[in-house]
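For reference, the structure is listed below as structure tokens.
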Amino acid sequence: MLKIHNTLARAKQDFVPMEPGKVRMYVCGMTVYDYCHLGHARVLVVFDMIVRWLKAEGFDVTYVRNITDIDDKIIKRAAENGEPIDALTGRFIAAMDQDAAALGVVKPDFEPRATQYVPQMIAMIQALIDKGLAYVAGKAPKGVSGSSRIENPDEAGSDVCYSVHDFAGYGKLSGKSLDDLRAGERVEVADGKRDPLDFVLWKSAKPGEPAWDSPWGPGRPGWHIECSAMGDDLLGERFDIHGGGADLQFPHHENEIAQSEGVHGHQHVNYWIHNGFVRVDNEKMSKSLGNFFTIREVLEKYDPEVVRFFILRAHYRSPLNYSDQHLDDAKGALTRLYTALKNVPPSPLTPPPPGGEGDQSSLSRRRGRDGEGEIDWNNPFAAAFKAAMDDDFATPEAIAALFDLASEVNRTNDPERAGLLRALGGVLGLLQRDPVDFLQGGAEEGGFTLENIEQLIADRVAAKKAKNYAEADRIRKELSDAGIILEDTPQGTVWRRA
RNA sequence: GGCGCGAUAGCAAAGCGGUUAUGCAGAGGACUGCAAAUCCUUCCAGGGCGGUUCGACUCCGCCUCGCGCCUCCA
């Protein structure tokens with residue numbers, strides 16, 4: 001039985017989908033005005049892992065990950081660049097797709113963009129107004145002081161705000177009460193808000209800003225409403241899982257609940273999943289702190305699979321400290337797994353013994369990889385892996401099972417066990433490459449070409465044959481100084497990068 | 001100030017009320033012309049103070065320290 005830590009319950013719960021065999025999941029994606037950093041990489045990889053595991057469990061998964069392609073920061077950045085907004089967002093969506101693909105992230109079933117859902121958002125805002133949960137904040141800005149606001153009310157649109165105290169459940173996701181929030185008041189009192197905690201559903205446009213027509217004049221949607229509208233449209237008024245970074249818990253997801261449940265009058269999401277932050281020097285990696293590393297920066301130095309492995313080696317809810325040392329560490333660990341697969345070429349999986357009906361799940365029917373066979377989940381290593389994954393996606397423990405299996409592979413030289421290792425790695429989106437490619441890949445240091453290396457190895461073999469060990473060792477040293485390690489095996493000399 | 005999370009060996013990171021987590025690093029051994037890889041053995045743990053218990057790293061309380069959210073943020 002799969003257990004999921006549900007933020008709403010602040011506890012692990014048995015996962016029971018609304019519709020047997022089906023999972024509908026929504027994850028908050030990126031605001032596309034800059035390159036993705038490692039924090040974004042974590043969301044991408046973590047929820048990709050979750051989708052893969054749900055599928056491995058036999059669920060039919062519908063996965064939605066949205067793209068925020070209109071907001072204040074996008075408008076600002078486009079203006080700075082002197083670039084049309086859709087050019088800017090198009091550029092960074094393409095970059096995000098590249099980064100995600102490099103990290104082995106499978107495309108979601110839907111990637112809706114906020115700008116494609118403005119009519120739905122307007123309808124939802126209207127419904128909230130009709131229900132008395134939202135109000136038009138008025139045209140005239142309070143305390144006008146030479147602002148750039150439009151002075152003629154006939155041309156200006158109005159803001160629409162959500163009236164937080166009219167929604168009874170406000171705070172249930174983040175565990176905050178309205179009183180607590182007010183006690184720690186840090187919210188700017190915007191023009192026209194009845195309560196400082198009220199948030200904007202519709203933002204009136206200033207001259208020159210992109211705008212959509214609405215019953216409240218030209219403007220654009222507030223941030224939170226897009227997720228309510230897109231989730232509704234693609235997954236229904238109520239769905240199984242909603243995910244995102246822990247920083248979205250409040251206010252974004254709290255506000256999303258207020259909107260969706262406000263409109264529909266019933267529960268919006270059954271399981272909320274929030275992943276922990278990536279940190280640098282023990283601090284959250286974030287745009288505002290400026291301490292971020294973009295995915296592409298990191299990929300210049302590290303193999304993308306190492307980065308994926310690095311992310312999966314920590315539990316998704318734990319903080320993940322980023323540093324070169326940690327990446328190097330991850331690389332070394334992944335090298336051990338690939339080394340086992342290099343030394344013992346995996347054979348295709350054989351079907352599990354027939355009649356193992358005690359296994360109730362559909363897992364045993366799952367294809368291992370490319371139709372090459374099936375994982376036998378009754379195998380002790382596979383069972384340990386599954387138990388870990390079923391316990392709130394405990395990838396560190398699942399990966400530990402992989403290492404145990406790798407030791408077994410090394411000990412027994414059993415191609416079937418190697419096949420299982422590769423198949424289990426595949427469930428996490430790992431270990432699918434030719435091991436030699438992985439081991440020889442990476443930074444091209446030392447200026448040695450493939451031909452150079454092959455030639456030096458041939459020279460060394462000749463020297464060895466002539467029992468000229470001094471020359472053989474000199475060549476070994478020359479290559480090792482360039483980060484290339486030689487291994488003399490019964491099958492001949494092979495090399496890999498350090 | 002309010003709310004929440006965490007503290008594990010040299011580094012990283014898990015589970016678990018009593019039995020080796022795991023990876024890297026270290027030590028010894030096997031193997032090797034030398035190495036590497038691999039295997040075997042092994043050193044190094046659970047912030048502090050109390051409590052519960054036959055027994056706590058694991059449960060409870062307090063303290064200290066760190067982090068996060070309360071403002072845009074994955």
Side-chain angles (χ1 to χ4, degrees), chain A residues 7 10 27-31 36-47 65 68 71-73 76 171 174-177 179-188 197 223 243-252 254 274-279 282-289 292 309-310 313-315 317-321 323 325-337 339-340 342-344 384 387-388 391 394-404 406-407 409-413 439 464 467-470 472-473 476-477 480 485-489 493-496 498:
Chain A
T7 309
R10 273 161 273 277
V27 170
C28 287
M30 262 45 87
T31 301
C36 292
H37 64 232
L38 237 37
H40 302 117
R42 192 174 193 189
V43 183
L44 255 14
V45 169
V46 160
F47 288 100
R65 192 184 65 220
T68 301
D71 95 319
D72 290 0
K73 277 174 298 199
K76 183 163 171 260
S174 52
K176 298 175 189 303
S177 72
D179 287 344
D180 292 342
L181 287 166
R182 291 206 175 88
E185 193 74 65
R186 278 163 59 183
V187 186
E188 259 180 72
L197 297 174
W223 174 37
D247 43 4
L248 298 187
Q249 192 177 327
F250 189 92
H252 183 56
E254 195 69 63
H274 292 96
N275 66 275
F277 300 127
V278 176
R279 295 185 189 170
N282 239 29
E283 262 189 338
K284 177 185 172 185
M285 178 184 289
S286 74
K287 294 266 166 121
S288 38
L289 285 171
F292 60 90
F309 182 82
F310 164 70
R313 210 152 71 115
H315 185 86
R317 283 189 283 114
S318 302
L320 177 62
N321 270 306
S323 74
Q325 193 209 323
H326 296 154
L327 266 297
D328 289 339
D329 214 50
K331 181 186 175 184
L334 190 55
T335 295
R336 177 169 165 81
L337 295 178
T339 300
K342 186 204 73 180
N343 293 340
V344 185
D391 184 12
T395 52
E397 214 185 324
I399 288 172
L402 256 34
F403 282 102
D404 290 339
S407 292
V409 167
N410 289 328
R411 214 173 292 134
T412 60
N413 287 311
L439 296 169
K464 270 177 58 175
K467 301 230 188 280
N468 183 355
Y469 291 122
D473 288 348
R476 179 194 288 292
K477 176 83 162 50
S480 102
I485 295 167
L486 297 186
E487 298 178 14
D488 294 332
T489 76
T493 300
V494 297
W495 65 277
R496 64 187 172 89

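Below, chain A is the first sequence line, B the second, and so on; all start at residue 1.
Under the 3.5 Å distance criterion, with hydrogens and angles disregarded, no donor-acceptor pair is assigned to the side chains of A:Asn410 and A:Ser407. Under 3.5 Å, the side chains of A:Glu254 and A:Ser174 contain a donor-acceptor pair of N or O atoms. Judged by distance alone, the side chains of A:Thr7 and A:Arg317 never bring a donor and an acceptor atom under 3.5 Å apart. A:Thr31 and A:Asp71 share no donor-acceptor pair across their side chains, judged by distance under 3.5 Å alone.
Counting any heavy atom pair closer than 4.0 Å across all strands shown, A:Lys284 reaches a base atom. Residue contacts for A:Asp473: at a heavy-atom cut-off of 4.0 Å it reaches a base atom on one of the strands shown. At a threshold of 4.0 angstrom between heavy atoms, the contacts of A:Val27 with the nucleic acid are absent. Using a 4.0 Å heavy-atom criterion, one finds that A:Arg317 contacts no nucleic acid atom at all. Residue contacts shown for A:Gly276 include a base, since a base heavy atom lies under 4.0 Å away. At a threshold of 4.0 angstrom between heavy atoms, the contacts of A:Arg496 are confined to the sugar-phosphate backbone, with no base atom among them. Base engagement by A:Tyr469 is indicated by at least one non-hydrogen atom pair under 4.0 Å involving a base atom. Note on A:His315: only backbone sugar-phosphate atoms sit closer than 4.0 angstrom, heavy atoms only; bases stay farther off. Among the protein residues, A:Arg42 comes within range of no part of the nucleic acid, since none of its heavy atoms lies under 4.0 Å from any strand. Looking at heavy-atom distances under 4.0 Å, A:Gly39 makes contact with a base. Backbone-only contact: A:Ser318 has heavy atoms under 4.0 Å from sugar-phosphate atoms and none from a base. Within the 4.0 angstrom heavy-atom criterion, only backbone atoms of the sugar-phosphate kind lie near A:Asn282; the bases stay farther away. Among the heavy atoms of the strands, none lies under 4.0 Å from A:Lys467. If you check every strand for non-hydrogen atoms under 4.0 Å, A:Thr339 touches sugar and phosphate atoms only.
Taking for each of A:Ala246 and A:Asn321 the nucleotide of RNA chain B with the nearest heavy atom, the 5'-most of the two is the partner of A:Asn321. Annotation: of the two residues near RNA chain B, A:Leu486 and A:Ser174, the 5′-most nearest-nucleotide partner is A:Ser174.
Rounded to whole Å, atom C1' of B:A37 lies 10 Å from atom CD1 of A:Ile485. One interatomic measurement links the two molecules: CD of A:Gln249 to C1' of B:U71, which rounds to 16 Å at whole-angstrom precision. When the C1' atom of B:C24 is taken as reference, atom CG of A:Leu334 falls 13 Å away, rounded to whole Å. In this structure, A:Trp495 places its CH2 atom 19 Å from P of B:A36, rounding to the nearest Å. Residue A:Arg182 contributes atom CZ, which lies 12 Å from atom P of B:U71 at whole-angstrom precision. Regarding A:Phe250, its CZ atom lies at a distance of 12 Å from the C1' atom of B:G2, rounded to whole Å. Distance CG (A:Leu320) to P (B:C11): 17 Å, rounded to an integer number of Å. A straight line from CG of A:Asp404 to P of B:A13 spans 19 Å, rounded to a whole angstrom.
Ring geometry, A:Phe292 versus A:His37: the interplanar angle falls from 30° to 60°, so the pair is classed tilted.
Judged purely by atom type and a 3.5 angstrom limit, A:Arg476 uses its side chain to pair as donor or acceptor with the backbone of A:Leu486. A donor-acceptor pair is defined here as one N or O able to donate and one able to accept, closer than 3.5 Å; no such pair exists between the side chain of A:Arg65 and the backbone of A:Cys28. Panel note: side chain A:Arg279, backbone A:Pro319; no donor-acceptor pair is recorded below 3.5 Å. With A:Ser286 contributing its side chain and A:Leu289 its backbone, the two residues share a donor-acceptor pair below 3.5 Å. Between the side chain of A:Glu487 and the backbone N or O of A:Val494 there is no donor-acceptor pair closer than 3.5 Å.
When distances run from any side-chain atom of A:Ser407 to the nucleotides B:C67, B:C39, B:G68, the shortest one goes to B:C39. Each of B:A74, B:G2, B:U22 was ranked by its minimum atom distance to the side chain of A:Asn275; first place goes to B:A74. You'll find that the side chain of A:His37 is closest to B:A74, out of B:C11, B:C3, B:A74. In the set B:A14, B:A74, B:A12, the nucleotide with an atom closest to the side chain of A:Ala314 is B:A14. With B:A74, B:G23, B:C70 as the choices, the nucleotide that has an atom nearest any side-chain atom of A:Val278 turns out to be B:A74. Closest to the side chain of A:Asn343, from the set B:C39, B:A74, B:A37, is B:A37. Residue A:Arg336 has its side chain nearest to B:U38 when only B:A13, B:U38, B:A35 are considered. Closest to the A:Arg313 side chain, of the nucleotides B:G23, B:C69, B:A14, is B:G23. With B:G2, B:G15, B:G23 as the choices, the nucleotide that has an atom nearest any side-chain atom of A:Glu397 turns out to be B:G15. For A:Ala400, the listed nucleotide lying nearest its side chain is B:A21; candidates were B:C72, B:A74, B:A21.
Nucleotide B:G50 is shown with an anti base, its glycosidic torsion being more than 90° from 0.
Comparing B:G18 with B:G50, their P atoms are spaced 23 Å from each other, to the whole Å. One C1' atom belongs to B:G15, the other to B:A37, and the distance between them is 30 Å to the nearest Å. Spacing of P atoms, B:U20 relative to B:A35, comes out at 33 Å, to the nearest Å. Nucleotides B:G46 and B:G29 have their P atoms positioned 30 Å apart, rounded to a whole Å. Rounded to whole Å, the separation between the P atoms of B:G48 and B:C65 comes to 15 Å. With P as the reference atom, B:C49 and B:U64 are 15 Å apart, rounded to whole Å. Comparing the P positions of B:G6 and B:C62 gives an interatomic distance of 15 Å, to the nearest angstrom. Nucleotides B:G4 and B:C39 place their C1' atoms 47 Å apart, quoted to the nearest Å.
Two residues are said to be in side-chain contact when any heavy atoms from C-beta on lie closer than 4.5 Å; A:Thr395 and A:Arg313 fail this criterion.
Looking at A:Arg476, its side chain comes within 3.5 Å of the base of B:C34 through a donor and an acceptor atom. The base of B:C34 sits within donor-acceptor range of the side chain of A:Asp488, with an N or O pair under 3.5 Å. In this model, no side-chain donor or acceptor of A:Lys287 finds a partner on the base of B:C72 within 3.5 Å.
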Nucleotide pairing, RNA chain B (Watson-Crick or G-U, distances under 3.5 Å), in dot-bracket with [ ] and |:
(((((((..(((.....[...))).(((((.......)))))....(((((..]....))))))))))))....
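Closest approach of A:Met30 and A:Cys36 over heavy atoms only: CG-SG, 3.8 Å.
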